[in-house]
2 protein chains.
Amino acid sequence: MTGHARGGRRPEILETFTRHVAQHGYDRANFGDVAAELGMSKGTIVHHFGTKDRMLAEVQESYMRRRLAEAHAMFARLPGAGERIAALVHAGVRYSADEPATTVAFQREVVRLVDRPGMESARGLRDEYRDLVVGVLADGEADGTFLPGDARLRSLQMFGSLHWMWTWFDPAGRLAPAEVAAEFAVTLLRGLGMDEPAARAAADPAGEVAAVVGDVLAGVVAVSRS
Amino acid sequence: MTGHARGGRRPEILETFTRHVAQHGYDRANFGDVAAELGMSKGTIVHHFGTKDRMLAEVQESYMRRRLAEAHAMFARLPGAGERIAALVHAGVRYSADEPATTVAFQREVVRLVDRPGMESARGLRDEYRDLVVGVLADGEADGTFLPGDARLRSLQMFGSLHWMWTWFDPAGRLAPAEVAAEFAVTLLRGLGMDEPAARAAADPAGEVAAVVGDVLAGVVAVSRS
DNA sequence: GTGAACTGACCGCACGTACGGGCAAAGTGT
DNA sequence: ACACTTTGCCCGTACGTGCGGTCAGTTCAC
């Protein structure tokens with residue numbers, strides 16, 4: 001009756017490990033606890049993933065791969081720089097609400113992508129994402145949507161706000177995720193030099209940008225799986 | 001010759017431990033490495049600090065205490081909400097440049113202030129700092145300096161940008177610390193709804209705000225040690 | 001003499017992971 | 001249909017290592 005499932009227990013191991021990393025951090029997340037929670041042996045985890053490092057690398061890579069694909073899908077529907085930035089902010093907040101464990105695990109352990117053997121692939125994906133954002137900021141500056149400024153610095157300022165969310169964000173908190181995203185977006189877009197009405201329109205949780213983000217994250221729009 | 005100094009080796013232990021936490025994170029920083037680097041025994045560290053937890057708590061508390069005192073000293077000289085926010089940004093960047101180890105150690109381990117026994121005091125100081133910022137944002141909103149918005153959310157957006165700096169900031173990098181601070185500040189102040197000339201004036205690295213920050217951090221202005 | 005600073009040996013434990021074996025499903029030949 | 005082999009999932013145990021913390025004892029300043 002309890003035969004071996006086709007996919008095996010691999011997915012649930014990954015999911016539980018991710019949750020433990022999100023809650024306690026990579027160093028304190030350990031095979032023993034994960035195995036105990038799933039009622040399996042530590043050996044099973046090793047069988048599927050080899051080492052702890054590789055398991056984290058897998059979490060980071062799959063996370064970044066999905067985020068990149070979604071970004072491209074959103075950009076295909078939103079040509080304006082302001083709208084694209086707003087979409088990334090809305091999507092960023094949605095990730096924290098929809099997949100809190102994976103998002104927190106990613107954000108609190110991003111630093112391990114640097115100079116850690118086996119993490120080159122994940123780091124490459126992350127660099128690609130950053131370049132994407134820097135490109136949008138530069139485009140917006142070139143076409144006059146934003147005031148002149150250092151695109152790289154602006155991207156870091158933006159990433160900081162979003163990556164820090166894991167320390168305080170509560171999806172069931174006082175403000176709904178879309179409201180948090182709207183506040184963040186409008187402050188950021190105004191800061192980049194967008195005029196008030198345009199910033200509000202792009203950030204609007206009931207507007208077109210939010211709708212596109214919703215469609216992409218719900219899978220309504222095809223997301224290319226490279 | 002190598003007599004027992006009165007103050008003991010306490011300060012250098014704390015400094016080295018802080019640097020190790022900054023470089024490798026709290027979990028991977030260990031007594032053995034610190035002791036070896038200082039040419040002393042692990043027992044000495046235990047003698048002075050008791051436990052590893054307490055050592056981190058001490059780092060966090062002294063860091064926050066200094067930052068709070070400086071914030072109060074700066075506020076005494078800068079009555080305007082926009083100038084105060086600009087000063088906090090300038091100071092935040094300066095911390096990363098002047099005391100990189102302590103700042104990084106603090107920022108990457110802030111999360112341990114939550115629900116960790118022995119960290120109540122440090123957490124209290126941090127809450128106090130956050131309330132200070134929220135207060136400034138609320139004041140600025142009340143007197144029309146900033147457009148209406150959620151002060152708490154805005155403070156989190158601001159903290160995020162600054163706390164994330166430890167992952168990328170290089171004091172000897174392409175842009176000087178003051179330039180980074182100016183870019184950050186102008187983007188933030190515009191985002192809060194300040195008009196362009198006022199935002200630029202407050203963020204100006206050669207302006208009054210930056211001068212006050214410089215004076216306070218250089219100890220020119222008396223900083224109350226509560 | 002008293003107490004703080006410091007040493008070095010040692011303990012206990014948590015954790016990553018290597019290894020050997022068991023067992024069910026899928027594949028293969030007749 | 002049936003026996004045989006192969007394959008992949010999973011378990012249990014055991015090992016090595018690294019680390020936080022203990023403790024008895026020594027040295028030195030006052």
Side-chain angles (χ1 to χ4, degrees), chain A residues 1-60 105 108-109 112 115-119, chain B residues 1-60 105 108-109 111-112 115-119 122:
Chain A
M1 187 54 76
T2 57
H4 290 166
R6 286 188 305 121
R9 307 242 252 158
R10 210 167 183 286
E12 54 178 327
I13 293 172
L14 209 53
E15 190 260 325
T16 305
F17 173 73
T18 301
R19 186 155 31 80
H20 280 237
V21 170
Q23 281 169 357
H24 311 111
Y26 177 76
D27 285 319
R28 298 184 110 84
N30 60 289
F31 288 0
D33 289 348
V34 173
E37 183 177 324
L38 292 171
M40 67 172 61
S41 160
K42 285 200 290 178
T44 304
I45 300 180
V46 176
H47 166 73
H48 282 293
F49 297 94
T51 68
K52 197 181 167 187
D53 279 339
R54 198 131 47 212
M55 206 160 23
L56 181 66
E58 205 159 311
V59 172
Q60 307 285 59
R108 80 182 283 174
E109 303 298 342
R112 289 180 201 276
D115 282 343
R116 220 69 152 213
M119 288 294 197
Chain B
M1 188 51 76
T2 57
H4 290 168
R6 283 189 303 121
R9 307 239 250 158
R10 213 169 181 284
E12 54 178 327
I13 293 171
L14 209 53
E15 190 260 325
T16 305
F17 173 72
T18 301
R19 184 156 32 78
H20 280 237
V21 170
Q23 281 169 357
H24 311 111
Y26 177 77
D27 286 320
R28 299 184 109 87
N30 59 288
F31 289 178
D33 289 348
V34 172
E37 184 178 322
L38 292 170
M40 65 173 62
S41 157
K42 284 201 295 177
T44 304
I45 300 179
V46 176
H47 168 70
H48 283 293
F49 297 94
T51 68
K52 198 180 166 187
D53 279 339
R54 198 132 47 211
M55 210 162 26
L56 181 66
E58 205 159 310
V59 172
Q60 308 284 59
R108 80 182 284 174
E109 303 297 343
V111 70
R112 289 180 200 277
D115 282 341
R116 219 70 153 213
M119 289 292 197

Where is the tightest heavy-atom contact between Met119(B) and Arg112(B), given as atom of each residue plus distance?
-> CG-O, 3.6 Å
Measure across Gly118(A) and Ala57(A) and return the closest heavy-atom pair with its distance rounded to 0.1 Å.
-> O-CB, 3.8 Å
Please determine, for the side chain of His47(B), which listed nucleotide (dG21(D), dG16(C), dC6(C)) has the closest atom?
-> dC6(C)
Identify which nucleotide among dA5(C), dC10(D), dG12(D) has an atom closest to any side-chain atom of His48(B), counting heavy atoms from C-beta outward.
-> dA5(C)
So, does the side chain of Lys42(B) form a donor-acceptor pair with the base of dT7(C) at under 3.5 Å?
-> no
When you measure from every atom of DNA chain C, which of residues 17-31 of chain B have a heavy atom less than 4.0 Å away?
-> none
Close approaches to DNA chain C from residues 51-59 of chain A, in residue order (heavy atom, under 4.0 Å) = Thr51(A), Lys52(A)
Answer yes or no: is there an ion pair linking Arg116(B) with Asp53(B), defined by an N-O contact shorter than 4.0 Å?
-> no
Between Arg54(B) and Glu58(B), does at least one N-O distance fall below 4.0 Å, as a salt bridge requires?
-> no
Rounded to the nearest angstrom, tell me the gap between atom CD1 in Ile13(B) and atom P in dA4(C).
-> 16 Å
Tell me: CZ of Phe49(B) to P of dA4(C), nearest whole Å?
-> 16 Å
Determine whether [X] and [Y] make a side-chain contact, defined as any pair of heavy atoms from C-beta on separated by less than 4.5 Å.
X: Leu56(A); Y: Gln60(A); result: yes
X: Val59(A); Y: Glu109(A); result: no
X: Ile45(A); Y: Met40(A); result: yes

Cationic tip of Lys52(A) within the cone over Tyr26(A)'s six-membered ring, i.e. under 6.0 Å and within 45° of the normal?
-> yes
Below 4.0 Å: OP1/OP2 of dC11(D) and any side-chain N or O of Thr44(A) | yes
